[in-house]
Participant: 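Sharing a structure here in structure tokens format.
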Number of protein chains: 2
Amino acid sequence: MSPLKGRVTLATVAGSAGVSVATVSKVLNGRSDVSPSTRARVQDVLEKHGYVGRRPEPVQHETVELFYQGVLNSYSVEVIQGVLDAGEAAGVEIVLSSRPPHPSRHSAGRAAPWVRDLIASRRRAAVGITSELSDADLAALSRARLPLVIIDPADVPQPDITSVGSTNFAGGMAATQHLLELGHRRIGYIGGPPTSACNQARMSGFRSAMDAVGAEVPKDYIWLNNFLYDDGLAGGSMMLDLPDRPTAIFAGCDEIAVGVMEAARARGLRIPDDLSVVGFDDTQVARHASPQLTTVKQPLREIGAVAVRTALQLAAGEPVASHHVELATTLIVRGSAVPHGLSSVAAS
Amino acid sequence: MSPLKGRVTLATVAGSAGVSVATVSKVLNGRSDVSPSTRARVQDVLEKHGYVGRRPEPVQHETVELFYQGVLNSYSVEVIQGVLDAGEAAGVEIVLSSRPPHPSRHSAGRAAPWVRDLIASRRRAAVGITSELSDADLAALSRARLPLVIIDPADVPQPDITSVGSTNFAGGMAATQHLLELGHRRIGYIGGPPTSACNQARMSGFRSAMDAVGAEVPKDYIWLNNFLYDDGLAGGSMMLDLPDRPTAIFAGCDEIAVGVMEAARARGLRIPDDLSVVGFDDTQVARHASPQLTTVKQPLREIGAVAVRTALQLAAGEPVASHHVELATTLIVRGSAVPHGLSSVAAS
DNA sequence: GGAGAGCTTCGAAAAGTTTTCGATAATTGC
DNA sequence: GCAATTATCGAAAACTTTTCGAAGCTCTCC
């Protein structure tokens, strides 16, 4: 823009704006003894010349806050690595923090204390993992112009909140169709919170695939609580103790799937001979399970990276194509699901 | 403190410290071209005169950098949560970063680029998880007065580097003694890198316990590579294919233990009936394994918290009692190790 | 064992920024 | 209309940071 000489200094701007260096300095520092018209003119010139101060790359890096509610798990770990990768590529630092979950509703209308802290911290942007925020929180963040991107939002994606996820519905369908193609008809679903958007999508995919072939889903074949191992254990136990137990279970995440496998083993049922299991996420635990878990892969690292890039785009004032993007899921076939009936020959 | 004339400027300090104004400026800005002694003297004078700068910067939070080399795993996750807890309690922010492992030796004598970045980032302190740093790296950090605490250092703890770990030797002994008390005599050890300090300690504990009862450890009963699932799989496979295979295996970490269990299952051996396994760490994977893993618990969250607190102590100039502290390990008995011979009745 | 390459340390001077203070103009009070 | 006050601005002073070169040191390679 200003090819006269090297860097754009106050003097450059002052000359171009027809004022003194002192005046430009005052504009930059928000002093009162500058007339509105002069101030406006100087600010125009500052922007046109792209004045960046003495140190264009100050020692102080920009930061993006990555927060989560609850505990870290194998799922978070993958996302975090993607976030770090993208952060490093973009030259921003990642500040990690654990935030209290669901603020109780009795302080409705006011943003949670930690949200106020977050705003005060002057981050370039924030990324939340599977987080749930109140309307007041969102309003406060919006007022403060702090860009926020939620990964796999706990609530259904709102139009006024940017989020990144994966094709949960398609993934749920793919997993279920895989089991159906293997000949299973009595298939159960064990998933996370009923209010959780990604659980709803996965379950809907499950139901759609079942409906499409006219397979019935008894009430007891659905069990929802949290995305935890213990939920797989509890839900699996319940389902496997039914008089007419399912021959396959689709788990809402890998941890649940491993819990289901344990519930089966505790009853002397073999995986996959007596029960086929399909998980969701394709985290480390899927590869370390025995047998290795057939699962729906979410590109978690990519999701983390996209979240950061989107947040930085918002921070830069660039428009984003969509307030919610979903990356494609892939069915990864391993050893935990086999054709129905194939095993019963060997078993009985 | 200095009521002679008006404000305390760089020149005031420079005169009092017997250096140039430029040097004082460099100290303030954390430049590298100031010797440690000069830096210390100037900082003393700065503090004594209560230099506050021309414009006191808006209070931005102190940061502590938490870095790791390689990948995050269930072990890191626990440590990270402890670090975050302690960071929040102390009011410092945690900046998480992944750093390239072992700088190749061809640039010996110079600190790695990421170490220079770390120094330039002006953290209050840094904490590394199972990291390995070159002498040049350490020297550079020391020169820059950036306090560093390593958690479970990969190298043997040096006197000039502060570190936090757990009683690996005692833990290794406890695990082995447990197996010995269960009647096992043919016990294998599968662990991490031979150069790794914590691996060495655990293995020494293993050997000591074996020696104490006169149990022999054939060469093939030791397998060292990395602390990964695949290493448990590979090492376990090797050991279980021996003509005189062990009846129990002590794994250097939980992930290895799960890999060993898989290697056993692949050979039709049942856990714990045909092979007892003991792990180390007590991470999530120990509780989710099937059967649940008997393991040596490291207080990982506490270790992370202690590391942060120690780093902040160093940053505050307070002396630390010891350059290396070890927190106590505990044997957690679950279902993966049973008395030897008890099973062979049922099995054969 | 010494020439020289490379690194560290430091300050003088240059470059850049902010504040002070006085000049001038515009506005207000009476 | 005139004095008093206020608003605006820049020259110069005050202050800080960076650049660059000198001096000393270490290490290497004949």
Side-chain angles (χ1 to χ4, degrees), chain A residues 2 4-47 49-60, chain B residues 2 4-47 49-58 103 105-113 115-116 119-120 122 134-146:
Chain A
S2 164
L4 301 173
K5 28 184 165 183
R7 208 166 58 77
V8 178
T9 70
L10 287 195
T12 319
V13 176
S16 178
V19 297
S20 72
V21 172
T23 302
V24 181
S25 172
K26 286 169 186 173
V27 169
L28 276 174
N29 292 284
R31 301 286 153 180
S32 60
D33 58 344
V34 182
S35 71
S37 62
T38 305
R39 183 185 300 276
R41 183 157 39 94
V42 171
Q43 275 172 337
D44 275 358
V45 178
L46 278 170
E47 184 158 354
H49 287 232
Y51 178 82
V52 289
R54 181 191 281 247
R55 273 174 304 177
E57 196 185 350
V59 203
Q60 197 66 22
Chain B
S2 167
L4 303 173
K5 27 185 168 182
R7 204 166 58 79
V8 177
T9 71
L10 287 194
T12 320
V13 175
S16 178
V19 297
S20 72
V21 172
T23 302
V24 181
S25 171
K26 285 169 186 172
V27 170
L28 277 175
N29 291 284
R31 301 284 153 181
S32 58
D33 58 344
V34 182
S35 71
S37 60
T38 305
R39 183 185 300 275
R41 183 156 38 94
V42 171
Q43 276 172 337
D44 276 358
V45 177
L46 279 169
E47 186 162 351
H49 287 228
Y51 178 83
V52 290
R54 181 190 284 244
R55 240 186 336 172
E57 289 290 326
R105 303 302 188 204
H106 68 292
S107 62
R110 295 180 53 93
V115 172
R116 290 169 175 265
I119 290 169
R122 313 248 244 123
S134 70
D135 289 344
D137 295 337
L138 294 173
L141 290 166
S142 164
R143 260 200 312 279
R145 304 225 157 196
L146 178 63

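Below, read A as the first sequence line, B as the second, and so on, with proteins coming before strands; counting in each chain starts at 1.
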Participant: Looking only at heavy atoms, which two atoms of B:Tyr51 and B:Thr9 are closest? And how far apart?
Facilitator: CE1-C, 3.8 Å

Participant: Please tell me if B:Tyr51 has a side-chain N or O lying less than 4.0 Å from either OP1 or OP2 of D:dC15.
Facilitator: no

Participant: The helix from C:dG1-D:dC30 to C:dC30-D:dG1: angle between its terminal axes, five pairs each, to 10°?
Facilitator: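 Computed angle between terminal axes is 10°.
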
Participant: Using the 3.5 Å cut-off, write out each protein N or O paired with an N or O of nucleotides 23-27 of chain D and the distance between them.
Facilitator:
none

Participant: How is B:Thr9 classified with respect to the nucleic acid when contacts are heavy atoms under 4.0 Å: base, sugar-phosphate, or nothing?
Facilitator: sugar-phosphate

Participant: Measuring from B:Thr12:OG1 to B:Leu46:CG, what's the distance to the nearest 0.5 Å?
Facilitator: 10.5 Å

Participant: For the pair B:Thr23 and B:Ser20, evaluate side chain to side chain contact (heavy atoms under 4.5 Å, CB included) and give the outcome as yes or no after the intermediate values.
Facilitator: CA-CA 5 Å; B:Thr23 302; B:Ser20 72; 3.1 Å; yes

Participant: Tell me: CG of A:Leu10 to C1' of D:dT16, nearest whole Å?
Facilitator: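 Rounding to the nearest Å, CG of A:Leu10 and C1' of D:dT16 are 13 Å apart.
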
Participant: Send over the distance from A:Leu46 CG to C:dT17 C1', rounded to a whole Å.
Facilitator: 13 Å

Participant: Can you give me the closest heavy-atom contact between B:Ser16 and B:His49, atom names plus distance?
Facilitator: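 Taking B:Ser16 first and B:His49 second, the nearest heavy atoms are OG-NE2, 3.3 Å.
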
Participant: Would you please test A:Val19 and A:Val27 for side chain to side chain contact (heavy atoms under 4.5 Å, CB included) and show each step?
Facilitator: CA-CA 11 Å; A:Val19 297; A:Val27 169; over 6 Å; no

Participant: With the criterion being N/O to N/O and under 3.5 Å, what pairs connect the protein with nucleotides 6-9 of chain D, and how long is each?
Facilitator:
from  : atom 1 : to      : atom 2 : distance (Å)
D:dC9 : OP1    : A:Ser35 : OG     : 3.3
D:dC9 : OP1    : A:Thr38 : OG1    : 2.4
D:dC9 : OP2    : A:Ser35 : N      : 2.8
D:dC9 : OP2    : A:Ser35 : OG     : 3.1
D:dC9 : OP2    : A:Thr38 : OG1    : 3.2

Participant: For A:Val42, which of A:Val45, A:Thr38, A:Asp44 qualifies under side chain to side chain contact (heavy atoms under 4.5 Å, CB included)?
Facilitator: A:Thr38

